[in-house]
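In what follows, a single structure is set out as structure tokens and then discussed.
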Amino acid sequence: MVRHVNAWHLSGLTPKQYALPHDIPFNRLRNWIPRVSAPATRTDFIPAQVITPTSREASVMLHLPRGISLSCSLVIRGLTGTK
């Protein structure tokens, strides 16, 4: 019960959308949600992977809940150490 409610919280889906592919009756999941107050492993951070760039160009791609992706590209300029 707790595992499914936590996974539902993190999925970004409605309870009905989560229940169907997991073979859980919608009413059962709906009854579990108030019994589990918050996900045990909830985090406000999005997992990220750091890759050392091999050139002066780098990009970051974030895959957010609900299928949203965010990309940012940049050019790394040399640091001279002067102020």
Side-chain angles (χ1 to χ4, degrees):
M1 171 178 69
V2 172
R3 181 176 55 86
H4 278 296
V5 173
N6 288 343
W8 166 74
H9 273 287
L10 296 172
S11 75
L13 300 172
T14 66
K16 195 172 216 172
Q17 290 170 327
Y18 180 86
L20 185 63
H22 291 91
D23 295 322
I24 301 169
F26 166 65
N27 289 334
R28 182 173 296 160
L29 179 61
R30 191 174 61 179
N31 290 334
W32 289 349
I33 292 169
R35 295 171 62 187
V36 179
S37 60
T41 59
R42 182 173 178 180
T43 177
D44 292 329
F45 293 98
I46 299 170
Q49 181 180 6
V50 177
I51 300 173
T52 304
T54 57
S55 68
R56 292 179 124 2
E57 296 183 16
S59 64
V60 175
M61 175 70 79
L62 297 176
H63 299 283
L64 304 172
R66 300 178 192 232
I68 298 170
S69 294
L70 176 67
S71 175
C72 179
S73 298
L74 58 108
V75 175
I76 302 170
R77 301 198 190 279
L79 300 175
T80 62
T82 60
K83 294 184 183 181

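Counting from 1, the numbers follow the sequence of the chain as shown.
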Got a second to check how far Arg35's CZ is from Met1's CE, nearest 0.5 Å?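 That separation rounds to 4.5 Å.
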What distance do Arg28 atom CZ and Ile33 atom CD1 have between them, rounded to the nearest 0.5 Å?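 Between atom CZ of Arg28 and atom CD1 of Ile33 there are 13.5 Å.
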Trp32 side-chain N/O to Val2 backbone N/O, donor-acceptor pair under 3.5 Å: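 Such a contact is absent between Trp32 side chain and Val2 backbone.
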On a heavy-atom basis, which atom in [X] and which in [Y] lie closest, and how many Å separate them?
X: His4; Y: Tyr18; result: ND1-OH, 2.9 Å
X: Asn27; Y: Arg30; result: OD1-NH2, 3.0 Å
X: Trp8; Y: Thr14; result: NE1-C, 3.3 Å

Verify the distance criterion only: is there a donor paired with an acceptor across the side chains of Arg3 and Asn6 at less than 3.5 Å?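 Side-chain D/A pair, Arg3 to Asn6: absent.
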Using the side chain to side chain donor-acceptor pair (under 3.5 Å) criterion, which residues pair with Ser71? Sequence neighbours excluded.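 By the side chain to side chain donor-acceptor pair (under 3.5 Å) rule, Ser71 matches no residue at all.
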